[in-house]
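What follows is one structure encoded as structure tokens, with my remarks underneath.
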Amino acid sequence: MSKQPLNFLCISTYFKGEDFLKSAKAEGNNVYLLTKKKYENEPWPWDSIDDTFYIEEWNQNDVVKGIAYKFRTIKFDRFVALDDFDVEKVALMREHFRMPGMGRTTAHYFRDKLAMRVKAKEEGVNVPEFTDLFNNDSINDYADRVSPPWLIKPRMEASATGIKKIHSKDELWQIVNDLGDERDNYLVEKFAPGDVYHVDGLNVDGKVAFARVSKYLDTPFEVAHGGGIFRSASSKIGSKEEKGLQKMNAQVMKAFGMQFGASHTEFIQSKATGELFFLETSSRVGGANLAEMVEAASGVNLWGEWAKIEAANLRKTAYKLPKINNKYAGIVVSLSRFEHPDTSSFTDKEIVWRMNKAWHIGLIVVSDSSERVLKLLDQYTERIGKEFHASLPAPDKSE
């Protein structure tokens, strides 16, 4: 097949995915962006975008009609959801336009926390004990059988948004009753203290082509609810945990029918037993600048390679991974009391990235030594805590 330009419609209701847009364009394709009007002044890579379509708010029917109108003159080859909140909306659009890629059923496994757990359990993947909130007897049975504490989680939110910790059956019922008609959109699961890991990967032809295991040094829940400082670092390559998580990630991708694209999957290792449990996954690149950390460690730009995988899949050509480095990287990010914090006093040669975002401070370090990365992150966390840190309460819901 000749390498004629493909028409990518990239959909993002947040400002993200710039490297995907650049890579898709660099490969010789036409790139169209659909985003919210309020993000029109963000620094999108305009040189890589052929046209932009703006919406005020997402109305599925209006968006479908708008795309249908554009389709008359632009034959779109691929719809790509760049953000977690767009995955299901775009899956519905693919089904309407009979576009290749993830449909609604598969998308649900990468978006709906209840669907994830039910499917994972069916496929023999270890998950924390959970229950839906559909039936009163089931809730009572769960509360009597599984000892607290538990977490109540919205099925469709991302990250730690809307998660609450519950310590008793009475408290559980209080929350369930307060949810009223919204209770079917939540689930409850066993809270097991432990280390939370994330596996950031690329998938090609139904197999994991690349995956990097990292550990949150403070869990996203602790950061969101304790106003903490966000930190993550590469796991020791070849360690027992790293090998176990690589294997488990491949199991999850296979179970959920992931064919191609990027994924960000989270697991927890029980402090009590050392057992690994699957927590959640998503068919996108991880947020919170984890992609930059993964690239610093491995040399693999997840956004850019994802765009190449999409193009190779459409053209029926083989995708080839770039050369992979086996270094170690770590990230520290915090809200800052200063609008534009001055990080010039952080001078270690291992620093490869500095965050440029108002009211935030962030650094990424890279080294051949995992221990060196962790040592630097500890030092920086202490300094940031004293000199820069500010905190806000966690949101109950995303905007």
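- Arg94 places a side-chain N or O within donor-acceptor distance of the main-chain N or O of Met102, the cut-off being under 3.5 Å.
- Each ring pair (Phe, Tyr, Trp, His ring centres under 6.0 Å) pair with one or both residues in residues 284-323, not counting sequence neighbours, appears once here: Phe20-Trp306, Trp303-Trp306.
- Between Phe256 and Phe278, the distance separating the two ring centers is shorter than 6.0 angstrom.
- Looking at residues two or more places apart in sequence or on another chain, you find a ring-ring contact (aromatic ring centres under 6.0 Å, His included) between Phe97 and Phe71, Phe79.
- Nearest heavy-atom pair across Val285 and Ala291 is CG1-CB, 3.5 Å.
- Within the 4.5 Å cutoff, the side chain of Leu217 has heavy atoms near those of the Leu377 side chain.
- Nearest heavy atom pair, residue Ile331 against residue Met293, reads CG2-SD, 3.6 Å.
- A salt bridge between Lys65 and Asp62 is absent, with no side-chain N of the basic residue lying under 4.0 Å from a carboxylate O of the acidic one.
- No more than 12 heavy-atom neighbours from other residues, nucleotides or ligands sit within 6.0 angstrom of CD on Glu382.
- Under the 4.5 Å side-chain contact rule for hydrophobic residues, Ile364 and Phe230 share a cluster.
- A 6.0 Å sphere centred on CG of Asp205 holds no more than 12 heavy atoms belonging to other residues, nucleotides or ligands.
- Between Asn126 and Glu275, the shortest heavy-atom contact is ND2-OE2, 3.0 Å.
- Without hydrogens or angle criteria, Ser334 side chain to Ile229 main chain gives no donor-acceptor distance under 3.5 Å.
- Phe277 pairs by the ring-ring contact (aromatic ring centres under 6.0 Å, His included) definition with nothing, not counting sequence neighbours.
- Atom OH of Tyr69 sits in a sparse spot, with 12 or fewer heavy atoms from other residues, nucleotides or ligands closer than 6.0 Å.
- A continuous path of hydrophobic side-chain contacts links Leu21 to Leu6 [ILVMFWY only; heavy atoms under 4.5 Å].
- Lys254 is not listed as a side-chain neighbour of Lys207, based on a closest heavy-atom distance of 4.5 Å or more.
- Applying side-chain hydrogen bond (donor to acceptor under 3.5 Å, both in side chains) to Glu40 and the options Lys36, Lys37, Lys38 leaves one that passes, Lys37.
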Subject >> Residues Lys243, Gln246; criterion side chain to side chain contact (heavy atoms under 4.5 Å, CB included); working and verdict >> reply: CA-CA 5 Å; Lys243 285 179 175 171; Gln246 288 278 11; 5.7 Å; no
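- Looking at heavy atoms from C-beta onward, Met253 lies in side-chain contact with Thr265 at the 4.5 angstrom threshold.
- Of the charged side-chain nitrogens involved, none lies within less than 4.0 Å of a carboxylate oxygen, so that Asp47 and Lys22 do not count as a salt-bridged pair.
- Linking ILVMFWY residues whenever their side-chain heavy atoms come closer than 4.5 Å, directly or via other members, places Leu33 and Phe8 in the same cluster.
- Aromatic ring pairs are classed by plane angle as parallel below 30°, tilted from 30° to 60° and perpendicular above 60°; the pair Phe15 and Trp44 is perpendicular.
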**OP:** Take Arg155 and Asp184 through the salt bridge (Lys or Arg N to Asp or Glu O under 4.0 Å) test and state the conclusion after the steps.
**Re:** CA-CA 9 Å; Arg155 290 168 59 177; Asp184 57 307; 5.5 Å; no
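- Contact check for Asp348 versus Val365: no side-chain heavy atoms found under the 4.5 Å cut-off.
- Asp342 and Ser344 share a side-chain donor-acceptor pair at under 3.5 Å.
- Residues Asn313 and Arg78 bring a donor and an acceptor atom of their side chains to less than 3.5 Å of each other.
- Under the 3.5 Å distance criterion, with hydrogens and angles disregarded, a donor-acceptor pair is assigned to the side chains of Asn203 and Ser263.
- In this structure, NZ in Lys190 is found 11.5 Å from CD1 in Ile268, a value given to the nearest 0.5 Å.
- Screening residues 353-367 for side chain to side chain donor-acceptor pair (under 3.5 Å), with sequence neighbours left out, gives Thr343-Arg354.
- Between Glu371 and Lys375, no side-chain nitrogen of the basic residue sits less than 4.0 Å from a carboxylate oxygen of the acidic one, so the salt-bridge criterion is not met.
- Contact check on Arg212 versus Asp200 returns no salt bridge, with no Lys/Arg side-chain nitrogen under 4.0 Å from an Asp/Glu carboxylate oxygen.
- Residues Glu292 and Glu295 have side chains not in contact (no heavy-atom distance under 4.5 Å, counting atoms from C-beta outward).
- For the residue pair Lys215 and Ser235, the shortest heavy atom distance occurs at N-OG, 3.9 Å.
- No continuous path of ILVMFWY side-chain contacts below 4.5 Å connects Val196 to Phe267, so the two sit in separate hydrophobic clusters.
- Under the ring-ring contact (aromatic ring centres under 6.0 Å, His included) criterion, Tyr197 pairs with no residue, sequence neighbours left out.
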**OP:** Please report the C-alpha distance between Tyr216 and Leu290 in whole Å, then the side-chain angles of each, then the deciding distance to 0.1 Å, and finally whether the side chain to side chain contact (heavy atoms under 4.5 Å, CB included) criterion is met.
**Re:** CA-CA 10 Å; Tyr216 293 117; Leu290 294 174; 3.8 Å; yes
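- Linking ILVMFWY residues whenever their side-chain heavy atoms come closer than 4.5 Å, directly or via other members, places Tyr109 and Val127 in the same cluster.
- Paired with Glu189 under the rule salt bridge (Lys or Arg N to Asp or Glu O under 4.0 Å), one option of Lys121, Lys153, Lys113 passes, and it is Lys153.
- Checking side-chain atoms of Thr273 against main-chain N and O of Ser270 turns up no donor-acceptor pair under 3.5 Å.
- The distance from the CD1 atom of Ile309 to the CG atom of Leu202 is 4.5 Å, given to the nearest 0.5 Å.
- When side chains are defined from C-beta on, Val125 counts as touching Met248, because their heavy atoms get closer than 4.5 Å.
- Partners of Tyr32 under the ring-ring contact (aromatic ring centres under 6.0 Å, His included) rule, at least two apart in sequence or in another chain, are Phe76.
- Side-chain atoms of Trp173 and Ile139, non-hydrogen and from C-beta on, do get closer than 4.5 Å to each other.
- Between Leu302 and Arg284 the shortest side-chain heavy-atom distance does not fall below 4.5 Å.
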